[in-house]
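Take a look at the structure set out below.
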Amino acid sequence: MKHISLLGATGSIGTQTLDVIRNHPQHFKLVAMSAGKNINLTRKIIAEFQPEFVAVQEEEDRDSLRAEFPSNIKFVSGHQGLVEVAVYDKTEVLLNAVIGSVGLYPTLEAIKAKKTIAIANKETLVTAGHIVMAAAKENNVDILPVDSEHSAIFQCLQGERAASIQRLIITASGGSFRDLKRDELKAVTLEEALNHPNWSMGSKITIDSATMMNKGLEVIEAHWLFNLPYEQIDVLLHRESIIHSMVEFEDSSVMAQLGSPDMRVPIQYALTYPNRMTLPSSTPLNLAQIGTLHFEKMDMLRFRCLKFAYDAGQAGGTMPTVLNAANEAAVAAFLKGEIGFLTIEDLIEKALDWHRNIIDPDISVIHEVDLETRKYVNTLF
Ligand code: NDP
Ligand code: MG
């Protein structure tokens, strides 16, 4: 029986993680969880899974849940609550599925408490990858990927020597606007941006997919998870999302991981690694029916956010922190209807130009730069 803490239980990855836990009650137990503001769903999750420890964002919600549920369930709130859930003493695996760099501190504290980390929360690795990976090494803790591309690469690497990797090939579906030209992007609406062709996901990552920033964040995520320079990480447009990513080895052999798009597969693999388990109601891949798979070179001029991410990753220091914070602030503004779609990339570009890079930042510098960048971006519209 594996004891799991789940951050972001009410989200897209969170609810799919609960489905994996629900399918294998003899193997997994949800001992602690966090939610944001969706208290109705939080109530249902508590009633079904009976976790011992629950964090929510607001104090008011914490107090009303305390009044409703038996006193053996502990309720906490705020950022500190996320950390407490992450380091809960009965927890063995932390599955981090919150959105944004708010996931950084809980991840670091869980690493120090020697919890295995299953990471969906890519913003944490983008904003402070050097700190997270160093802490994991120092504490001898595994960081297991949940993001489908990184899980695919991780699966392709089983039994291989790291030194024989030539290149990672991360596939990209292209997002909601893959068939539009740049000048056609000026007038797109929020509703259109939220309509992803292949995956149903939370709203922030769906917008990140439409701007291609999601792929940019994934390139930086791959750099840290697999310890490879950016020159060895490529992105390939693959509209069907059947090949979830590939690894090319020194003998030119290429390994790929395939499957029908279903995030429960990488979530479950992170929880069962190095083993596999059945996945009820999953869709077996029918390649004869699919018939053809398509691949195209990525156009960095069309998808400027991908270029920003490669540049920020290569510059290192605090540039990835700025990239991530500016993106979070810009996407939040777009989701509120305050800016147009193409303004997202303009704001990120301005923030990257404005910032003076700080090499080898510690956690307090990262925190400051993150806050300053958000503030700066919010003055631009
Ligand atoms: P969602 O927006 O669906 O869920 C986010 C979760 O985090 C919710 O539980 C939400 O709570 C909670 N949350 C949001 N803000 C805060 C906050 N400030 N403090 C505490 N909790 C908060 O996101 P996704 O599930 O789509 O994505 C989660 C992570 O996984 C992201 O980093 C994303 O990039 C990554 N990912 C997602 C994939 C997907 O298919 N969705 C695929 C690969 C990676 P509430 O709703 O209760 O307010
Ligand atoms: Mg992904």
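These values consider heavy atoms only, across backbone and side chains, with no hydrogens, waters or symmetry-generated copies. For ligands, and for the atoms within them, numbers begin at 1 and follow the listed sequence. Throughout, numbering of the chain's residues begins at 1 and tracks the sequence.
- Within the 4.0 Å heavy-atom cutoff, Lys204 does not count among the residues contacting ligand 1.
- The contact set between ligand 1 and Met263, taken as ligand atoms under 4.0 Å from a residue heavy atom, comprises 40 (O), 42 (C), 43 (C).
- The aromatic rings of His223 and Tyr230 lie parallel to each other, with less than 30° between the two planes, well short of the 60° mark.
- Within a 6.0 Å radius of CG in Asp89, more than 12 heavy atoms belonging to other residues, nucleotides or ligands are found.
- Residue Lys37 has at least one heavy-atom neighbour below 4.0 Å for each of these atoms of ligand 1: 45 (P), 47 (O), 48 (O).
- The protein atom (non-hydrogen) at minimum distance from atom 22 (C) of ligand 1 is Gln57 OE1, 4.0 Å.
- Note: angle at the Mg ion (ligand 2), from OE2 of Glu218 to OE1 of Glu149, is 100° (rounded to 10 degrees).
- Given atom 36 (N) of ligand 1, the protein heavy atom at minimum distance is Ile205 CD1, 3.6 Å.
- With salt bridges taken as basic N to acidic carboxylate O contacts below 4.0 Å, none links Lys350 and Asp346.
- Salt bridge Lys2/Glu92: absent, no basic N to carboxylate O contact under 4.0 Å.
- Counting heavy atoms of neighbouring residues, nucleotides and ligands inside a 6.0 Å radius, atom CD of Glu60 does not exceed 12 of them.
- Atom 39 (C) of ligand 1 has as its closest protein heavy atom Ile13 CD1, 3.5 Å.
- Atom numbering of ligand 1 starts at 1 in the shown order; those under 4.0 Å from a heavy atom of Asn38 are 45 (P), 47 (O), 48 (O).
- Using a 4.5 Å heavy-atom threshold, the side chains of Leu168 and Leu228 count as touching.
- Each of the atoms 6 (C), 7 (O), 9 (O) of ligand 1 lies under 4.0 Å from some heavy atom of Gly8.
- Below 4.0 Å from some heavy atom of Met201 lie the following atoms of ligand 1, by number and element: 39 (C), 40 (O), 41 (N).
- A salt bridge is defined here as a Lys NZ or Arg NE, NH1 or NH2 lying under 4.0 Å from an Asp or Glu carboxylate O, and Arg239 with Asp179 meets this definition.
- Among protein heavy atoms, atom 41 (N) of ligand 1 sits closest to Ser12 OG, 3.1 Å.
- Residue contacts with ligand 1, taken as heavy atom pairs separated by less than 4.0 Å, involve Ala97 solely via the backbone atoms N, CA, C and O.
- Residues Glu218 and Lys215 are paired through a salt bridge, judged by an N-O separation under 4.0 Å between the basic side chain and the carboxylate.
- For the residue pair Ser364 / Asp362, a side-chain donor-acceptor distance below 3.5 Å is found, with atom types taken as modelled.
- Contact check on Arg182 versus Glu345 returns a salt bridge, with a Lys/Arg side-chain nitrogen under 4.0 Å from an Asp/Glu carboxylate oxygen.
- By heavy-atom distance, the residue among Asp61, Asn40, Thr10 lying nearest atom 10 (C) of ligand 1 is Thr10.
- Of all the atoms in ligand 1, the ones that sit under 4.0 Å from a non-hydrogen atom of Glu123 are 31 (C), 32 (O), 34 (O).
- For ligand 1, the atoms closer than 4.0 angstrom to any heavy atom of Asp147 are 43 (C), 44 (C).
- Contact annotation: for Asn121 versus ligand 1, heavy atoms closer than 4.0 Å belong to both the backbone and the side chain.
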